[in-house]
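Just so it is clear, the structure is predicted and the values come from calculations on it, not from any experiment.
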Amino acid sequence: MSDLLHWLAVLPLIGVGLWAWRRFHYPSFWLIAAFPIAAVSVRTSWRRIALGCGLTKKRQRWWFTTVPGLVASTGIVKVKRRFQRVAVDTKPFMWLPLPTRHGWRVTVHTLEGQTPGDYANAAERLAHSWGVHAIRVSSPGPGRVVLAATMRDPLVTVDQLPPSTDLLKVTVGRLETGKPWVLDFRTVPHWLNAGATQSGKSNLANALIVGLAPQPVALVGIDLKGGVEFTPYAPRLSALATCRDEAGRLLDDLVALMLDRMGVCRQTSARNIWQLPPALRPVPVVVLVDELAELYLMADKSEKDEIARTSTALLRVAQLGRAFGIYLFCCGQRIGSDLGPGVTALRAQCSGRICHRVNDPETATMTLGDLDPAALASARAIPAETPGVAIVAGQDGQWYRARSFYVSEQTAEHAAHTYAHLTPPWAEIITHLPEHANA
């Protein structure tokens, strides 16, 4: 009796200890206590879950039986002998699950006739069957798929990460895998960022300004909302256009700058500015465009020529700018094919894609439509109460859910004033261009 009372007194203490362990140091709790239980559960339940999700195949097997009921679950069999061939549901072979920071992953060998798409289509059913937040499917090679499970949403809270020290590389948030979300313009030169009001689109632009402000780069703003978004950051902007006419002149300067740098590279037999000697290497230019649709909207036919000129200049920068140190980050609430062929051509040049919550399916389709259809479905499922969450096309060819850090306008404005002394004047950048040489 005393032993029973002793254990009854100890059990609450064990429960409290486990709760405190999980609460204050979840990574070690997950690896030591929770993951082994989850791994055993995944392995033991794989057969019935694969059967329920339609991932099994019927195969003929020799079966030994003495009672017909013993094989009732494998098919309808008329038992007249002990050894017979019956149709058996065969599950795909699964390796042992391996722990990750926010869950686990396991490699599965596909059965004949299966593709990774079959597992991607069943991902939601798999997640519900195992009781996890989400299942992501990838394929490292033919005949294999990797099921990556996240036990809970890692994007509920996003802690600030240390800033990147590499040129043109900015840490703006965190991916659903737990890794930092990095925008690297050297690897992915042009980005398309779509999102409705209060979706986190402008917050991402703020994070980008804060990350690029201390770097030796020129920031150029095209704010077609009358300048209300980027004017507070003017101390760190080398140039700012607030209407389509000013944007057209600024884009003409960028095209002329690009052609001038092209000539310098040709004379020195360099393929891009990064192959130039440091003394000849020009300053990189990052162009931030807000309200992209305003460049293409036409109130009457008199604006047709202006739109065509501006659209062509922006497209030329997107097509040729990477090699000559000119990069684009284009933002918009609505980006649809109805804006004309110019925006469709620009989209094809922007290999970086970011889609926040949007109000119309056309914008999500325009931003992510040529990627995995599952990415499009995930973008449409972003709830309004999670600002900053977006679907991102990564530089590794995969897509991820991600969430940007919260960066207030005051923080971005403070960074713009703090590093205003690093702003290269636009007049000095373009002063050696032919049309400005005699000015």
Chi angles and distances behind the side-chain contact (heavy atoms from CB on, under 4.5 Å) call for Q333, T363:
CA-CA 8 Å; Q333 294 186 37; T363 298; over 6 Å; no

May I have the step-by-step check of side chain to side chain donor-acceptor pair (under 3.5 Å) for S404 and W181, ending in yes or no?
CA-CA 8 Å; S404 56; W181 176 15; over 6 Å; no

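- Remark: the backbone N or O of A38 is not paired with any side-chain donor or acceptor of S41 at under 3.5 angstrom.
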Report the C-alpha separation of Y296 and T310 in whole Å, then their side-chain angles, then the decisive distance to 0.1 Å, and conclude whether the side-chain contact (heavy atoms from CB on, under 4.5 Å) test is met.
CA-CA 9 Å; Y296 300 92; T310 305; over 6 Å; no

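- When side chains are defined from C-beta on, Y119 counts as touching Q114, because their heavy atoms get closer than 4.5 Å.
- Side-chain contact between R47 and L51 is absent, with no heavy atoms from C-beta onward closer than 4.5 Å.
- Ionic pairing of D89 and K57 is not present here: no N-O contact between side-chain nitrogen and carboxylate oxygen is shorter than 4.0 angstrom.
- With hydrogens and angles ignored, the 3.5 Å screen pairs a side-chain donor or acceptor of R244 with a backbone N or O of L297.
- When side chains are defined from C-beta on, Y400 counts as touching T177, because their heavy atoms get closer than 4.5 Å.
- Distance alone, capped at 3.5 Å, places no donor-acceptor pair between the N193 side chain and the R353 backbone.
- Around the CD atom of Q198, the shell of radius 6.0 Å holds no more than 12 heavy atoms that belong to other residues, nucleotides or ligands.
- Taking the side chain as every heavy atom from C-beta outward, F185 and P284 never approach each other to under 4.5 Å.
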Scan the side chains in residues 320-327 for donor-acceptor partners under 3.5 Å anywhere in the protein, sequence neighbours excluded, and list what turns up.
from: R322; atom 1: NH2; to: R186; atom 2: O; distance (Å): 3.4
from: Y327; atom 1: OH; to: W274; atom 2: NE1; distance (Å): 3.3

Under the side-chain contact (heavy atoms from CB on, under 4.5 Å) criterion, do S129 and S45 qualify, and how do the steps go?
CA-CA 9 Å; S129 300; S45 63; over 6 Å; no

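- W399 carries R136 over the face of its six-membered ring, with the cationic atom under 6.0 Å from the centre and within 45° of the normal.
- Summarising the geometry of D290 relative to E229, their closest heavy-atom pair is OD2-CG, 3.2 Å, with the distance given to 0.1 Å.
- Atom CZ of R144 and atom OG1 of T110 lie 10.0 Å apart (nearest 0.5 Å).
- P216 pairs with exactly one of L168, V283, L167 by the side chain to side chain contact (heavy atoms under 4.5 Å, CB included) rule, that one being L167.
- Within a 6.0 Å sphere centred on CZ of R281, other residues, nucleotides and ligands contribute more than 12 heavy atoms.
- For V108 against P92, the heavy-atom pair with the smallest separation is CG1-CB, 3.5 Å.
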Test side-chain contact (heavy atoms from CB on, under 4.5 Å) on S351 and H190; report intermediate values, then the result.
CA-CA 6 Å; S351 53; H190 307 310; 5.8 Å; no

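- Between L31 and P99 the shortest heavy-atom distance is CD2-CB, 3.6 Å.
- The shortest distance between side-chain heavy atoms of K91 and L55 does not fall below 4.5 Å.
- Atom CG of L259 and atom CZ of R261 lie 11.5 Å apart (nearest 0.5 Å).
- When side chains are defined from C-beta on, R401 does not count as touching T150, because their heavy atoms never get closer than 4.5 Å.
- Remark: the backbone N or O of V407 is not paired with any side-chain donor or acceptor of T411 at under 3.5 angstrom.
- N203 contributes no side-chain N or O that, together with a main-chain N or O of G388, makes up a donor-acceptor pair within less than 3.5 Å.
- For D223 (side chain) and F230 (main-chain N/O), a donor-acceptor pair under 3.5 Å exists by modelled atom type.
- When side chains are defined from C-beta on, L368 counts as touching I391, because their heavy atoms get closer than 4.5 Å.
- Between atom CZ of residue R347 and atom CG of residue L315 there is a gap of 13.5 Å, rounded to the nearest 0.5 Å.
- The neighbour count for Q319 CD, taken as heavy atoms of other residues, nucleotides or ligands under 6.0 Å away, is above 12.
- Between the side chain of H109 and the main chain of F93, no donor-acceptor pair closer than 3.5 Å is present.
- For the atom pair CG (L219) and OH (Y233), the distance works out to 12.0 Å, reported to the nearest 0.5 Å.
- For the atom pair L204 CG and L183 CG, the distance stands at 6.0 Å (nearest 0.5 Å).
- Looking only at distances, a side-chain donor or acceptor of T386 sits under 3.5 Å from a matching main-chain atom of P383.
- No more than 12 heavy-atom neighbours from other residues, nucleotides or ligands sit within 6.0 angstrom of NE2 on H414.
- Atoms NE2 and CD1, from H128 and I49 in turn, are 12.5 Å apart once rounded to the nearest 0.5 Å.
- Although no hydrogens or angles enter the test, the distance criterion places a donor-acceptor pair under 3.5 Å between the side chain of N272 and the main chain of Q275.
- Counting non-hydrogen atoms of other residues, nucleotides and ligands closer than 6.0 Å to CZ of F35 gives a total above 12.
- At least one side-chain heavy atom of V182 sits under 4.5 Å from a side-chain heavy atom of K169.
- Side-chain N or O atoms of Q349 include none that pairs as donor or acceptor with a backbone N or O of A345 at under 3.5 Å.
- Of all non-hydrogen atoms in A402 and L175, the two that sit nearest each other are CB-CD2, 3.7 Å.
- Nearest heavy atoms, T242 versus G227: CG2-CA, 3.6 Å.
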